[in-house]
Amino acid sequence: MANDILKLVGQRIRSLRKERGLSQEQLGEKGGFHYSYIGQVERGEKNVSLLNLAKISEALEVSLSQLFAYVDGEERRTDSENDLREILAALRDQKPDQVRMVRNVVREILGDGDQYSTNKRS
């Protein structure tokens with residue numbers, strides 16, 4: 001059972017790393033590890049410590065709990081959260097009027113555009 005957990009967490013780390021377009025070497029550099037250690041963790045060959053998992057999650061820019069989200073339903077939720085983070089990161093560099101324009105487009109796509117308006121008429 002312990003080996004199953006190591007493999008599941010390792011597969012999750014590999015999946016998150018690949019989603020971000022990182023090589024094992026790049027992830028290792030970001031987290032302060034040798035790339036061969038990352039490979040061993042991903043294959044479930046290393047019993048990785050909590051401290052190292054925290055460093056890996058920080059390097060992947062995910063919460064520690066997301067490393068354990070390897071159940072299908074949770075993984076779908078996590079993928080959506082990652083998409084939202086990517087969108088937020090892109091919006092942070094934009095001017096306020098551009099952010100409002102994106103907000104309005106999203107409202108139109110989702111419907112009920114006036115539902116969230118701060119300028120509601122009574």
ILVMFWY cluster, V102 and L110 together (side-chain gap under 4.5 Å): yes
message: Nearest 0.5 Å, please: how far is CD1 in I38 from CD1 in I56?
response: 4.5 Å
Smallest separation among heavy atoms of L22 and Q26, with atom names: CA-OE1, 3.3 Å
message: Before you tell me yes or no, could you show the steps for Q11 and L8 under side-chain contact (heavy atoms from CB on, under 4.5 Å), namely the whole-Å CA-CA distance, both residues' side-chain angles and the distance that decides it to 0.1 Å?
response: CA-CA 5 Å; Q11 290 168 358; L8 286 170; 4.1 Å; yes
message: Hydrophobic clusters here meaning ILVMFWY residues chained together by side-chain heavy-atom distances under 4.5 Å, can you tell me if L64 and V62 are in one?
response: yes
- request: Could you list the residues that satisfy side chain to side chain donor-acceptor pair (under 3.5 Å) with R43, not counting sequence neighbours?
  value: E45
- line: The side chain to side chain contact (heavy atoms under 4.5 Å, CB included) partners of V105 (sequence neighbours excluded) come to I109
- request: Please list all pairs passing the ring pair (Phe, Tyr, Trp, His ring centres under 6.0 Å) test where one or both residues lie in residues 14-34, with sequence neighbours left out.
  value: F33-Y37
query: Is the count of non-hydrogen atoms from other residues, nucleotides or ligands lying under 6.0 Å from Q98 atom CD greater than 12?
result: yes
Chi angles and distances behind the side-chain contact (heavy atoms from CB on, under 4.5 Å) call for V48, I13: CA-CA 12 Å; V48 61; I13 290 170; 5.7 Å; no
task: Sort out for me which residue in K30, R20, R85, R17 forms a salt bridge (charged side-chain N to carboxylate O under 4.0 Å, His left out) with E61.
output: K30
task: Determine the minimum heavy-atom distance between A59 and L27, stating which atoms define it.
output: CB-CD1, 3.6 Å
message: Going by the rule side chain to side chain contact (heavy atoms under 4.5 Å, CB included), which residues pair with I87 if we only count those two or more places apart in sequence or in a different chain?
response: L91
message: Enumerate the side-chain hydrogen bond (donor to acceptor under 3.5 Å, both in side chains) contacts for residues 86-96, please, sequence neighbours excluded, ordered by first and then second residue.
response: none
query: How far does OG of S36 sit from CD of E25, to the nearest 0.5 angstrom?
result: 10.5 Å
field: For Q24, side chain to side chain donor-acceptor pair (under 3.5 Å) partners two or more places apart
entry: E42
- prompt: Counting heavy atoms not belonging to L88, are there more than 12 under 6.0 Å from its CG?
  reply: yes
- line: OG of S57 to CG of L50, rounded to nearest 0.5 Å, is 10.5 Å
task: Specify the closest pair of heavy atoms between K46 and V41, including all atoms of both residues, with the distance to one decimal.
output: CB-CG2, 4.1 Å
